[in-house]
Amino acid sequence: MTRSIQKPRGTQDMIGEQAARFDHVVETFNRVRKLYGFGRVEVPVFEATAVFSRSLGETTDVVSKEMYCFEDRGGDPLTLRPEFTAGIARAYIENGWQQHAPVKVAAWGPLFRYERPQKGRFRQFHQLDAEVLGAGEPAADVEVIALAQQLLAELGVADRVVLQLNTLGDAETRSAWRAALVAHFSKHLDVLSAESRERLEKNPLRILDSKAESDKALVADAPRIDAYMTAEAGAFFESVQRGLEASSVAFVRAESLVRGFDYYRHTAFEFVTDALGAQGTVIGGGRYDGLIGSMGGPETPAVGWAGGIERLAMLVAEPVLPQVSVAVIAMGGAAEPVALRLLAGLRRVGIAAEQGWRGNLKKKMERAGKSGARLAVIIGEDEVAGGTVTVRDLGSGEQVPLMFDAAVTAIAASLAGGGLQG
RNA sequence: GCGAUCGUAGCUCAAUUGGUUAGAGCGCCGGUUUGUGGUACCGGAGGUUGCGGGUUCAAUCCCCGUCGAUCGCCCCA
């Protein structure tokens, strides 16, 4: 087998069931987010590299190793978006969307990260995204989380997913806690894993979710953020929790759930499952009050989340593949235009119908059977001559002739449950 | 970037300690049935065993390299 052209590593081609699952996740998201008043936002798939590098920090691994960066013909540095938030924040600043604040928006589409692919992890992957920009109220946190929760419920995966909730406090809380963590782990360098010693320099909060067995005890003894919480930050977190309870959204406190970047404040949350190997997070989000200001915009509180479409699609029960209701079978040249007229008439009244193009009658019947259609309409020379069509119930095998002019109405009635009537 | 496992028909997989013509199911095409599917029977097409090199009388099988896939580590915006 010669493979002269192959898809790039970490990309995927989808058809059939896999594509139907993907589609189902997106359709459900679009329906549910409207229930919460989230409009659609469209932002570019690529941005000036600075949009991402500035928000993430020039020196971090994610910028230096994980982004798809390139120069266009004019030499401008561009990057395929690795996330939605930075691009939406850029659009908010550039277009002055603060005039609409609070802005509740949703998006979905492809994202790109240069990573080693594994289960639930790809170089081109797809996410759902929901953001509230310009709202500092804890009620905004509650609303985005409730949206995520309802999405998972309607996808039928809520019972396999747990909402983990934490707070990173305000800026003051966060830096005090961070200093305490550094002090704590610095005292135990000898037991700390090599990876975590690295993290102590670059990203000390991340030690808290170290997978190294040797770090577990140290993490358990680590200082808790609650001891460093300012009164304001504590009240905010309380308010979010009370709001979730009132919204009937179940959660567990996850004290080691953290975010690496400084612009994250207050609420952090993840919906996690144990059904997807090493990639357990299905939806992740939080409050990023520091981001828009750090990108040069006005200080703007914001909160949102993103969810992996592929990961959700893997959890969803097998969705039904799209099926037509009626299969039209034309035999002979004279039947062709009659079949096309019938198809147009059926589709115009909202009945899904298609025509088998190839083979003899037997072959076309075979395909009609496999298509999932409930009715087959046969149009051969006899029917054309008599101005009729033959309708066959593919379930019962019952078959009746219909006058062509009455066919659409009769078929509609039959599909609605009226049975076959000549 | 690191590690482990795996690459055989369109798909899912077989093939005795290395042995002569690489098989099966599904799918596809045709027939049993000049206009009747879902079941059945018969037949057919489809392979440089990922690619390159090595060992051997002989390699799908052993060795090296390479490409790809999968799972994990790192990272996780």
Side-chain angles (χ1 to χ4, degrees), chain A residues 1-12 15-17 51-57 60-67 79 81-89 111-122 125 127 129 193-196 198-199 202-203 205-206 209-213 257-264 268 270 276-281 284-286 288 291 304-306 308 311 327 329-332 335 356 358-384 390-399:
Chain A
M1 187 175 10
T2 305
R3 299 196 188 278
S4 51
I5 47 173
Q6 303 175 313
K7 64 184 179 300
R9 167 174 284 177
T11 63
Q12 19 177 14
I15 194 175
E17 188 198 323
V51 169
F52 305 113
S53 62
R54 203 178 295 163
S55 69
L56 297 172
T60 58
D61 275 13
V62 297
V63 170
S64 57
K65 303 203 311 218
E66 311 262 345
M67 299 203 313
T79 294
R81 64 182 179 199
E83 58 159 340
F84 276 108
T85 310
I88 293 172
L111 265 34
F112 305 85
R113 297 180 188 176
Y114 193 87
E115 302 193 271
R116 207 49 193 276
Q118 51 187 278
K119 189 181 185 72
R121 179 179 254 198
F122 305 93
F125 60 106
Q127 284 189 340
D129 188 87
S193 68
E195 290 82 14
S196 289
E198 279 282 311
R199 286 189 272 245
K202 294 197 286 193
N203 203 348
L205 298 197
R206 279 277 159 204
D209 50 25
S210 168
K211 288 175 184 170
E213 213 44 56
L257 175 59
V258 293
R259 294 277 113 99
F261 297 107
D262 285 341
Y263 54 76
Y264 284 104
E270 290 185 359
L276 292 178
Q279 276 65 240
T281 300
Y288 49 96
L291 175 63
W305 54 256
R311 293 183 190 179
I329 295 169
M331 297 304 297
R358 187 173 304 168
N360 54 21
L361 180 59
K362 175 187 162 69
K363 207 72 222 174
K364 287 177 174 172
M365 283 299 294
E366 203 173 307
R367 287 192 183 281
K370 286 178 185 167
S371 75
R374 286 165 56 194
L375 300 176
V377 180
I378 299 157
I379 305 169
E381 286 172 16
D382 297 348
E383 286 83 356
V384 172
T390 297
V391 178
R392 181 182 179 87
D393 185 312
L394 289 169
S396 66
E398 191 186 351
Q399 191 164 303

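The sequence lines fix the lettering, A, B, ..., with proteins before strands; numbering per chain opens at 1. These numbers come from a predicted model, not from an experiment.
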- For atom CD of A:Glu17, decide whether the heavy atoms of other residues, nucleotides or ligands shown that lie under 6.0 angstrom number more than 12. yes
- Task: May I ask you to check whether over 12 heavy atoms, not counting those of A:Gln12, lie within 6.0 Å of atom CD?
- Result: yes
- Touch class at under 4.0 angstrom, heavy-atom based, for A:Ile378 against every strand present: base
- Message: Need one value for A:Asp382: base, sugar-phosphate or nothing, where a base atom within 4.0 Å counts as base even if backbone is also close, heavy atoms only.
- Response: base
With rounding to the closest Å, how many angstrom separate the [atom1] atoms on [N] and [M]?
| N | M | atom1 | answer |
| --- | --- | --- | --- |
| B:A24 | B:G46 | C1' | 15 Å |
| B:U8 | B:G54 | P | 24 Å |
| B:G3 | B:C62 | C1' | 23 Å |
| B:A14 | B:G23 | C1' | 7 Å |
| B:C11 | B:G50 | P | 13 Å |
| B:G19 | B:U60 | P | 10 Å |
| B:A9 | B:U55 | C1' | 29 Å |
| B:C74 | B:U16 | P | 40 Å |

Atom pair distance, as rounded to whole Å: [atom1] in [X] and [atom2] in [N]:
| X | N | atom1 | atom2 | result |
| --- | --- | --- | --- | --- |
| A:Phe122 | B:A69 | CZ | C1' | 12 Å |
| A:Ile15 | B:G27 | CD1 | C1' | 14 Å |
| A:Lys7 | B:U70 | NZ | C1' | 12 Å |
| A:Asn360 | B:G30 | CG | P | 7 Å |

- Separation between CG of A:Leu394 and CZ of A:Arg374, rounded to the nearest 0.5 Å: 10.5 Å
- Task: Quick one: pull up CE in A:Met67 and OH in A:Tyr114 and give me the separation to the nearest 0.5 Å.
- Result: 14.5 Å
Whom does [N] pair with, Watson-Crick or G-U wobble, provided both distances fall under 3.5 Å?
| N | value |
| --- | --- |
| B:C11 | B:G25 |
| B:U55 | none |
| B:U49 | none |
| B:C41 | B:G31 |
| B:G3 | B:C71 |

So, for [X] and [Y], which heavy atoms are closest and what is the spacing to 0.1 Å?
| X | Y | answer |
| --- | --- | --- |
| A:Leu291 | A:Tyr263 | N-CB, 3.4 Å |
| A:Arg113 | A:Phe125 | NE-CZ, 3.5 Å |
| A:Arg206 | A:Arg259 | NH2-CA, 4.4 Å |

- Note on the structure: Going 5' to 3' through nucleotides 37-45 of chain B and flagging B where a protein heavy-atom sits under 4.0 Å of the base, S where only the sugar-phosphate is that close, and - otherwise, we get BB-------
- Message: Generate the contact string for nucleotides 71-77 of chain B. Rules: B means base contact, S means sugar-phosphate contact only, - means no protein heavy atom under 4.0 Å.
- Response: SBBBBBB
When you measure from the side chain of [X] to the backbone N and O of [Y], does any donor-acceptor pair fall under 3.5 Å?
| X | Y | answer |
| --- | --- | --- |
| A:Lys364 | A:Ala330 | yes |
| A:Gln279 | A:Lys119 | yes |
| A:Arg392 | A:Ala376 | no |

